[in-house]
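Each chain gets a letter, A, B and so on, in the order the sequences are listed, and its residues count up from 1. Being a predicted model, the structure only gives us computed values, none of them experimental.
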Number of protein chains: 2
Amino acid sequence: MSITVLLVDDHPVVRSGLRAVLSAHPSLTIVGEAATGEEALSLAQHLTPAVVLCDLRLGDGIDGIETTKQLRALDDAPIVLMLTTFDRDAEVIGAIEAGAAGYLLKDAEPESIAEAIERAARGEIVLSPEHATRVLHGVRNPPPKLTEREIDVLALLATGATNREIAKALFVTEATVKSHLSHLFTKLQVDTRSKAVHEARARGFID
Amino acid sequence: MSITVLLVDDHPVVRSGLRAVLSAHPSLTIVGEAATGEEALSLAQHLTPAVVLCDLRLGDGIDGIETTKQLRALDDAPIVLMLTTFDRDAEVIGAIEAGAAGYLLKDAEPESIAEAIERAARGEIVLSPEHATRVLHGVRNPPPKLTEREIDVLALLATGATNREIAKALFVTEATVKSHLSHLFTKLQVDTRSKAVHEARARGFID
DNA sequence: TTTCATCTCAGCCAAAAGGTTGAGACGGTC
DNA sequence: GACCGTCTCAACCTTTTGGCTGAGATGAAA
């Protein structure tokens, strides 16, 4: 009995590569490909694959995390494995929270990708030791929840904006910006704007 | 007469994808694959491919730019096409300066990748209109040359370090750090450390 | 030799950033 | 109604940053 797999990646070349690599395994059958999250959801409903291999970044439209959430909410919910180029703490944790059964790096060997799919299909959680550690750590030290306004400030901060510029852009006073910044610093455990940007980047809050 | 192509990418999946996509074109013949720059140089000498399709980032070892330089210095120098996920000004210009005949984004359609190889093999320069514009712009506005010490400071700056921390790390006084920063600001045409980091990132000086 | 770039450092001053405390308004929740 | 989180703002103060000018040491290049 072959495991049915749906590939989701916005890069045609990567899809072809995965298809080439995985079709060498008789235990896997690729039943479809999607380039966007929307397409993935539509195809998953029609094809009811056992496993969806989904890129975290999907160009336009909904992202991999959101796609995963919606896939897992389907009636015949497939097992979802996230595939990505980089590994960021916040994203790994986000993927697991969204219902993904695992998180794979694209530079993995073809063998280990196939093996991961098989293990996931058997109901196992597939994480590298480092990822597993970080997910557990993330559960113990949950990432701080930033408010909408704080994220607004953070986004502008990352562009190098001064408090005055941020204030003007958000239609508030500098005092308000400083207040948000103070909270951000506390939540991110830093004491300068530059460190805040660095930390936020490391944690995956910004790109 | 088929165009011989050598694939260079550190991701096995991407190599398989390119092979699958390009082997559909009878005018192209893939004669080899390499996962590192060193391997690429060795194979290029033995296989003398007409075109080398080379990823810009190659994990460990020498990077795509350096690989390109060395490939172009060979006796039977192949035409080099850079393949990359992101497009950064400094990298596009760097690739062209290193002797690459073009710069392709990985999310390109398979058709356009094959077409680009054919055009490059005919001696054309393959750049998207936006890239061409930016390369020309880069020639008119050459990117500022940063000194070693300035890059040291920049690297620490990007981690959110204060002047005092940078000074301590580099075994100089804060005055010296401020001096380097002043020069950096002038060269990057910014006026705050945060903007400097943002600008340096945008220009590809740091990741 | 002279010139030039680089790296180093100093002092001065104004502007920006950061810490602290406190507080009003609003909406949702218990 | 009381409580809490969020967003908003203010005053006060210290530290950090950035602009400016100037300058000594070194080494490479013209």
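- Panel note: side chain B:Ser112, backbone B:Glu109; a donor-acceptor pair is recorded below 3.5 Å.
- Within the model, atoms NE2 of B:His11 and CG of B:Leu58 stand 10.0 Å from one another, a figure rounded to the nearest 0.5 Å.
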Letter by letter from the 5' end, nucleotides 5-20 of chain D scores (B base, S sugar-phosphate only, - none; protein heavy atoms under 4.0 Å) -SSBBB-----SSBB-
Filtered N/O pairs between nucleotides 25-28 of chain C and protein, under 3.5 Å:
none

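- Comment: A:Lys106 engages A:Asp55 in a salt bridge, judged by a side-chain N to carboxylate O separation of less than 4.0 angstrom.
- Using modelled atom types, one finds no donor on one side chain facing an acceptor on the other under 3.5 Å when comparing B:Ser182 with B:Ser179.
- For B:Lys178 and B:Glu174, the salt-bridge test fails: no basic side-chain N is under 4.0 Å from an acidic carboxylate O.
- Computed from coordinates, the B:Leu184 CG to C:dT6 C1' distance equals 13 Å when rounded to whole Å.
- Salt bridge absent: A:Lys145 and A:Glu150 never bring a charged side-chain N and a carboxylate O closer than 4.0 Å.
- Contact annotation: the side chain of B:Leu170 approaches that of B:Val153 to within less than 4.5 Å [non-hydrogen atoms, C-beta and beyond].
- At most 12 heavy atoms of other shown residues, nucleotides or ligands fall within 6.0 angstrom of atom NZ in B:Lys168.
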